[in-house]
Amino acid sequence: MVVLNYTIDADDKIQIPTKVTMPKRNTIQWTRVTLLAEKALPGDDVFARMNRAFGIVALRTSNRQIFEQACLRDDLDMISIDTSERLAFDLDPMYVQKAMDNHIYFEVCYAPGIRDTSQRSHLYQVGQALQPCAKQRRLIISSEALQPSEIRYPFDIFYFARSLGLANDEAKATYGETPGELIQRAHKRKIAAKEAAVTANGG
């Protein structure tokens, strides 16, 4: 499976394509947008347009207020935590649970921890704070690799997840079952949204 990620800065003028075209390949392909928001969370119309254009909608922020607002949304698939620098606030377990209740997944990326020892410390800090997400199958471990040498084999990811305190089945799920469940959930949510829109328009 190939997931093509687009990054949009919410603090600039937001331009969202009406349709994303993927190159033709003999593999399953999916699109994702990661919204970077530090000053304010965009309105519902922006999220609606992102959901129409992309398969998965993710958000990344270092702002506590925006993080807490994002945890309460029902049109967001994933919150990605930046591990390249120390998070400016502690992850509130109450809001993390609210996000999971809204079927929002959490993502941590291991490649920053490969590049720098201080970033590795940030990675472990965030990963351990998100342990409860793994128990509820809401934690995804991705690479965010900038070059091929930063990509790790599944057994490397497994042992990293185990070092966070996850059980064997929880560790395997972070790069196996859970990403697939996220895609299925995002797909079902978008179908339901389209059907609701048709009903609202009298279709």
(request) Please answer: with hydrophobic residues joined when any side-chain heavy atoms are less than 4.5 Å apart, are Phe89 and Leu36 in the same cluster? (result) no
(message) I'd like to know if Met94 and Ile81 are part of one continuous hydrophobic network [Ile/Leu/Val/Met/Phe/Trp/Tyr, side-chain heavy atoms within less than 4.5 Å].
(response) yes
(message) For a quick test of reading the model, state the closest non-hydrogen atom pair linking Ile141 to Ala161 and the distance between them.
(response) CD1-CB, 3.8 Å
(message) Could you measure the distance from the CD atom of Gln125 to the CZ atom of Arg86? Nearest 0.5 Å is fine.
(response) 4.5 Å
(request) Find the distance between CZ (Arg64) and CG (Asp90) and round it off to the nearest 0.5 Å. (result) 6.5 Å
(request) Keeping to residues at least two apart or across chains, list the side-chain hydrogen bond (donor to acceptor under 3.5 Å, both in side chains) pairs with something in residues 173-184. (result) none
(request) Please report the closest heavy-atom contact between Cys71 and Phe106, naming both atoms and the distance. (result) SG-CZ, 4.5 Å
(message) Please check if the number of heavy atoms outside Gln128 that lie under 6.0 Å from its CD is greater than 12.
(response) yes
(message) Assess, by modelled atom type and distance only, whether the side chains of Glu150 and Ser143 contain a donor and an acceptor separated by less than 3.5 Å.
(response) no
(request) Report yes if some heavy atom in the side chain of Lys172 is under 4.5 Å from a heavy atom in the side chain of Phe158; otherwise report no. (result) yes
(message) Does atom OH (Tyr159) have a neighbourhood of more than 12 heavy atoms from anything else shown, all under 6.0 Å?
(response) no
(message) Taking the side chain as everything from C-beta on, heavy atoms only, tell me whether Pro132 gets closer than 4.5 Å to Gln97.
(response) no
(message) I'd like to know if the side chain of Ser142 reaches the main chain of Cys109, judged simply by a donor and an acceptor atom lying under 3.5 Å from each other, with no hydrogens or angles considered.
(response) no
(request) Answer yes or no: is there a side-chain heavy-atom contact under 4.5 Å between Phe67 and Leu41? (result) no
(request) With rounding to the nearest 0.5 Å, note down the distance linking CZ in Arg185 to CE in Met78. (result) 14.5 Å
(request) Indicate the atoms forming the closest heavy-atom contact of Glu38 with Arg60, along with that distance. (result) OE2-O, 4.3 Å
(message) Test salt bridge (charged side-chain N to carboxylate O under 4.0 Å, His left out) on Asp9 and Lys39; report intermediate values, then the result.
(response) CA-CA 10 Å; Asp9 192 338; Lys39 296 179 180 178; over 6 Å; no
(request) Would you give the length of the straight line joining atom CG of Asn5 to atom OG1 of Thr7, rounded to the nearest 0.5 angstrom? (result) 4.5 Å
(message) For the CD1 atom of Ile140 and the OG atom of Ser80, what is their distance to the nearest 0.5 Å?
(response) 9.5 Å
(request) Would you sort out whether Arg138 and Ile104 count as a side chain to side chain contact (heavy atoms under 4.5 Å, CB included), showing the intermediate values? (result) CA-CA 7 Å; Arg138 290 288 189 273; Ile104 295 175; over 6 Å; no
(message) Between Ile151 and Leu4, is there shared hydrophobic-cluster membership here, with clusters defined by ILVMFWY side-chain heavy atoms closer than 4.5 Å?
(response) yes
(request) Mind listing the closest non-hydrogen atom pair of Gly55 and Asp77 along with its distance? (result) O-OD2, 3.9 Å
(message) Show the nearest heavy-atom pair for residues Ala40 and Ala10, with the distance to one decimal.
(response) O-CB, 4.4 Å
(request) Look at the side-chain heavy atoms of Ile, Leu, Val, Met, Phe, Trp and Tyr, link any pair under 4.5 Å apart, and say whether Val108 and Ile114 land in one connected group. (result) yes
(request) Please examine the side chains of Val96 and Cys133, heavy atoms only from C-beta on, and report whether any two atoms are closer than 4.5 Å. (result) yes
(message) More than 12 heavy atoms of other residues, nucleotides or ligands under 6.0 Å from CZ of Phe155: yes or no?
(response) yes
(request) Indicate yes or no: does Asp44 engage Arg73 in a salt bridge with an N to O separation below 4.0 Å. (result) yes
(message) Before you tell me yes or no, could you show the steps for Ile56 and Ile183 under side chain to side chain contact (heavy atoms under 4.5 Å, CB included), namely the whole-Å CA-CA distance, both residues' side-chain angles and the distance that decides it to 0.1 Å?
(response) CA-CA 7 Å; Ile56 298 172; Ile183 290 175; 3.9 Å; yes
(request) Check whether any side-chain N or O of Thr61 sits under 3.5 Å from a backbone N or O of Asn63 as a donor-acceptor pair, and report yes or no. (result) yes
(request) Rounded to the nearest 0.5 Å, what's the gap from CG on Asp75 to CG on Asn102? Could you check? (result) 9.5 Å
(message) What I want to check is whether the side chains of Asp82 and Ser84 have a donor and an acceptor closer together than 3.5 Å.
(response) yes
(message) Both conditions, 6.0 Å and 45 degrees, for the charged tip of Arg152 above the ring of Phe160: are they met here?
(response) no
(request) Would you kindly say whether Gln131 and Glu170 are connected by a side-chain donor-acceptor distance under 3.5 Å? (result) no
(message) Please enumerate all residues that pass side-chain hydrogen bond (donor to acceptor under 3.5 Å, both in side chains) together with Asn51, with sequence neighbours excluded.
(response) Arg189, Lys190
(message) Looking at every heavy atom in both Ile79 and Ala70, which two are closest together, and how far apart are they?
(response) CD1-CB, 4.1 Å
(message) Can you confirm whether His122 sits close enough to Leu87 that some side-chain heavy atom of one is under 4.5 Å from a side-chain heavy atom of the other?
(response) no
(request) Have a look at Met50 and tell me which of Asp45, Leu76, Leu59, Val33 forms a side-chain contact (heavy atoms from CB on, under 4.5 Å) with it. (result) Val33
(message) Tell me whether Tyr6 shares a hydrophobic cluster with Leu146, the cluster being built from Ile, Leu, Val, Met, Phe, Trp, Tyr side chains joined at under 4.5 Å.
(response) no
